[in-house]
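Working notes, beginning with the structure itself.
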Amino acid sequence: MSAPRRLLPAVVAGVATAVVRGGLDWQPPGGAATWTRTNHRGEPVSLLEGPAVAAGVLAGALVGGGARATLATAVAALGGGAFGLVDDLREDSATRTKGLRGHLGALARGRVTTGGLKVLGIGASALVAAAVAPPAGGAASKPLARTADTLASAALVAGAANLLNLLDLRPGRALKAASLAAAPLVGTAGGAAACAVLGAASTAVEADLAETDMLGDAGANAVGAVLGTAVVLGAPRPVRLAVLGVVVALTLVSERVSFTRVIERTPVLREVDAWGRRPVSSPATGAAAGGPLPS
């Protein structure tokens, strides 16, 4: 991918994120209260960043890539954004179920939560994206191997969507993690998807760090799914499997260990995580100050 073709998805994603965010702010569907939540400081924060970023990564992914790669990335972005948005807006706070284990447990008992619906929906869209995507190094020759490859890639896309959502607990954290993960993929066959993530993140990060906006499930799931697709498109099979192993391990660890506590106890991670964010002890600076919901 040439330099101009790398730049185009980033520019399109950044512009689309800004335009959609401005339009939503002008006339929020259902009113501003529908999109307002309370952050870890007890301050109001807007969820409108989420659909704006999801639209941004989708728009960026639609330019600069091949037909199959573009379709796979679009399906992943739409699935992550749409089902994440349902969970953002329709979650029953009175019976809130947390974590992947909680949602799967509810499904096993016959109760469909919005989180459970999100797991099924993102899983299905990830499977479609993996089936459509041309993996780096080409598809396996034998049917059984191709099926295993597709299932592993689908798990990677869905797992990445979930993992990035788990990081959206403090201002800027998920966008920083997404940008760091996307940067090495820019020069690969998944470069268009990676550049779309970088473009959308660069536009959204200011309001996220200012604690007026948060990604929510819609934004985090869409960005994570696109990142996972970029790995599927740009990394050889051994790397894809290694990344999948890391994603699964971190997801399992998150059921018992707080990522926030680990970050706070690790000096380098703590400094990177806090960069650009106002101190925790700082008083609110304006009526609209806010940040991500604790989880």
- Query: Would you say the side-chain atoms of Ser153 pair up with the backbone N or O of Thr150, donor to acceptor, closer than 3.5 Å?
  - Reply: no
- Task: Quick one: closest heavy-atom pair of Ser254 and Leu166, and the distance?
- Result: OG-CD1, 3.3 Å
- Sidechain-backbone polar pair: Arg261 side chain, Val257 backbone, donor-acceptor under 3.5 Å: no
- Message: Checking the side chain of Arg37 only, and the main-chain atoms of Thr34 only, is there a donor and an acceptor separated by less than 3.5 Å?
- Response: yes
- Query: Shared ILVMFWY cluster between Val132 and Val232, side chains joined below 4.5 angstrom?
  - Reply: no
- Message: Quick check: is Leu78 connected to Val128 through a chain of hydrophobic side chains (ILVMFWY, heavy atoms under 4.5 Å apart)?
- Response: no
- Message: With rounding to the nearest 0.5 angstrom, report the CG to CG distance, Leu151 to Leu127.
- Response: 6.5 Å
- salt bridge (charged side-chain N to carboxylate O under 4.0 Å, His left out) partners of residues 18-32, not counting sequence neighbours, each pair once: Arg21-Asp25, Arg21-Asp213
- Message: Are the side chains of Val119 and Phe83 in contact, using a 4.5 Å heavy-atom criterion?
- Response: no
- Which atom of Ala126 lies closest to which atom of Ala154, heavy atoms considered: CB-O, 3.4 Å
- With Ala152 via side chain to side chain contact (heavy atoms under 4.5 Å, CB included) - residues at least two apart: Leu241, Leu244
- Query: Taking atom CD1 of Ile122 and atom CG of Asn165, what is their separation to the nearest 0.5 Å?
  - Reply: 8.0 Å
- Message: If I compare all heavy atoms of Leu24 with all of Pro29, which pair ends up nearest, and what's the gap?
- Response: CD2-CD, 3.8 Å
- Residues forming a side chain to side chain contact (heavy atoms under 4.5 Å, CB included) with Trp275, sequence neighbours excluded: Lys176, Leu209
- Calculate, to the nearest 0.5 Å, the distance between atoms CG and CG belonging to Leu167 and Asn162 respectively. 10.0 Å
- Item | Salt bridge flag under 4.0 Å for residues Lys118 and Asp217 | yes
- Note on the structure: Heavy-atom closest pair (Ala225 atom, Val157 atom, distance to 0.1 Å) is O-CG1, 3.6 Å
- Message: I'd like to know if Leu250 and Leu156 are part of one continuous hydrophobic network [Ile/Leu/Val/Met/Phe/Trp/Tyr, side-chain heavy atoms within less than 4.5 Å].
- Response: yes
- Item | Minimum-distance pair of heavy atoms, taken over all atoms of Ala129 and Val75 | N-CG1, 4.1 Å
Let me check something: any side-chain donor-acceptor pairs from residues 46-65 under 3.5 Å, sequence neighbours excluded? List them with distances.
residue : atom : partner : partner atom : Å
Ser46   : OG   : Leu48   : N            : 3.1
Glu49   : OE1  : Met214  : N            : 3.2

- Item | With Thr260 via side-chain hydrogen bond (donor to acceptor under 3.5 Å, both in side chains) - residues at least two apart | Arg173
- Identify whether Val272 and Leu169 are in the same connected component of the hydrophobic contact network (ILVMFWY, side-chain heavy atoms under 4.5 Å). no
- Please name the pair of heavy atoms, one in Thr251 and one in Val247, separated by the smallest distance, quoted to 0.1 Å. OG1-O, 2.7 Å
- Item | Thr266 side chain to Leu269 backbone, donor-acceptor under 3.5 Å | no
- Does Val243 share a hydrophobic cluster with Val197, counting links as ILVMFWY side-chain heavy atoms below 4.5 Å and allowing steps through other members? yes
- Salt bridge check: are Asp149 and Arg240 linked by an N-O gap of less than 4.0 Å? yes
- Kindly compute the distance separating CG (Leu175) from CG (Leu164), expressed to the nearest 0.5 Å. 7.5 Å
- Query: For the atom pair CG (Asp168) and CG (Asp208), what is the distance rounded to the nearest 0.5 Å?
  - Reply: 6.5 Å
- Partners passing side chain to side chain contact (heavy atoms under 4.5 Å, CB included) against Leu233 (at least two apart in sequence or in another chain): Ala69, Thr73, Ala133, Pro134, Thr229
- Message: Are Phe259 and Leu163 packed together at the side-chain level, in the sense that at least one heavy-atom pair is separated by less than 4.5 angstrom?
- Response: yes
